[in-house]
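To start, the structure under review is shown below, and the notes come after it.
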Amino acid sequence: MVDQRSIGGGETAQTTAHLTFVTDFRLGEIVSRVGRQPARALWSAGQVAMEQIEAIAQELAIDCESRRVPGYLFAALDKDPAKERESLHRDAELASELGFDADLIESDPVFRRPAVRFPIR
């Protein structure tokens, strides 16, 4: 497991062990730090890792109840939704430019805040 701060902290403490290629650092921030191609490689590596985990579970017939569902990067709960929407919009556009399926939506299914939706692939 890789977490931005402490292991099992933040959102990870509230999940049921989901896998995602979307990092804690926003895509725009990663691109500004390391560039477009390294950022794309980072997210692509996450996708490959998820596919490897699925393949291993199938190969070994592990009943782990794995299933693919859309992912959501939602506006921070402690920030202004309008400002967050602008930032999420930029990240959705950037993700699309780098070859990842991403759509800005006005309301995520849990918190009802602006979000980037990553469809099932």
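These numbers were taken from a predicted model, which means no experiment stands behind them. Sequential numbering from 1 along the given sequence is applied to the chain's residues.
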**Report entry** All pairs passing side chain to side chain donor-acceptor pair (under 3.5 Å) where residues 49-64 contributes a residue, at least two apart
**Finding:**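 Of all non-adjacent pairs touching residues 49-64, those that pass side chain to side chain donor-acceptor pair (under 3.5 Å) are Glu54-Arg68.
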Report task. Look only at the side chain of Ser87 and the backbone of Glu84, and say whether a donor-acceptor pair between them is shorter than 3.5 Å. Result ->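 Checking the backbone N and O of Glu84 against the side chain of Ser87, no donor-acceptor pair under 3.5 Å is found.
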**Report entry** Donor-acceptor contact present, side-chain Asp108 to main-chain Arg113, <3.5 Å
**Finding:**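 Present.
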Requested in this report: Kindly indicate, with the supporting measurements, whether the criterion side-chain contact (heavy atoms from CB on, under 4.5 Å) is fulfilled by Leu27 and Arg90.
Outcome: CA-CA 9 Å; Leu27 185 56; Arg90 286 191 302 273; over 6 Å; no
Query raised in the report: Phe25, Val34: one ILVMFWY side-chain cluster at the under-4.5 Å cut-off?
Result: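 In one cluster: yes.
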Can you give me the closest heavy-atom contact between [X] and [Y], atom names plus distance?
X: Val116; Y: Leu88; result: CG2-O, 3.4 Å
X: Asp101; Y: Phe118; result: O-CD2, 3.3 Å
X: Ala102; Y: Ala95; result: CB-CB, 3.8 Å
X: Asp91; Y: Arg26; result: OD2-NE, 2.7 Å

Query - Non-hydrogen side-chain atoms of Phe111 and Leu77 separated by less than 4.5 Å - result: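 Yes, their side chains come closer than 4.5 Å.
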Query raised in the report: Can you check whether Leu104 reaches Arg85 side chain to side chain, under 4.5 Å on heavy atoms?
Result: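 With C-beta onward as the side chain, the pair touches.
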Under 3.5 Å, sequence neighbours excluded: what are the donor-acceptor pairs made by side chains of residues 38-45?
{"residue": "Arg40", "atom": "NE", "partner": "Leu98", "partner atom": "O", "Å": "2.8"}
{"residue": "Trp43", "atom": "NE1", "partner": "Thr23", "partner atom": "OG1", "Å": "3.4"}
{"residue": "Ser44", "atom": "OG", "partner": "Arg40", "partner atom": "O", "Å": "2.9"}

Query raised in the report: At what distance, to the nearest 0.5 angstrom, does SG of Cys64 lie from CD1 of Ile56?
Result: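 These two atoms lie 11.0 Å from each other.
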Requested in this report: Go through the structure and list residues passing side chain to side chain contact (heavy atoms under 4.5 Å, CB included) with Ile105, not counting sequence neighbours.
Outcome: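 Residues passing side chain to side chain contact (heavy atoms under 4.5 Å, CB included) with Ile105: Tyr72, Ala115, Arg117.
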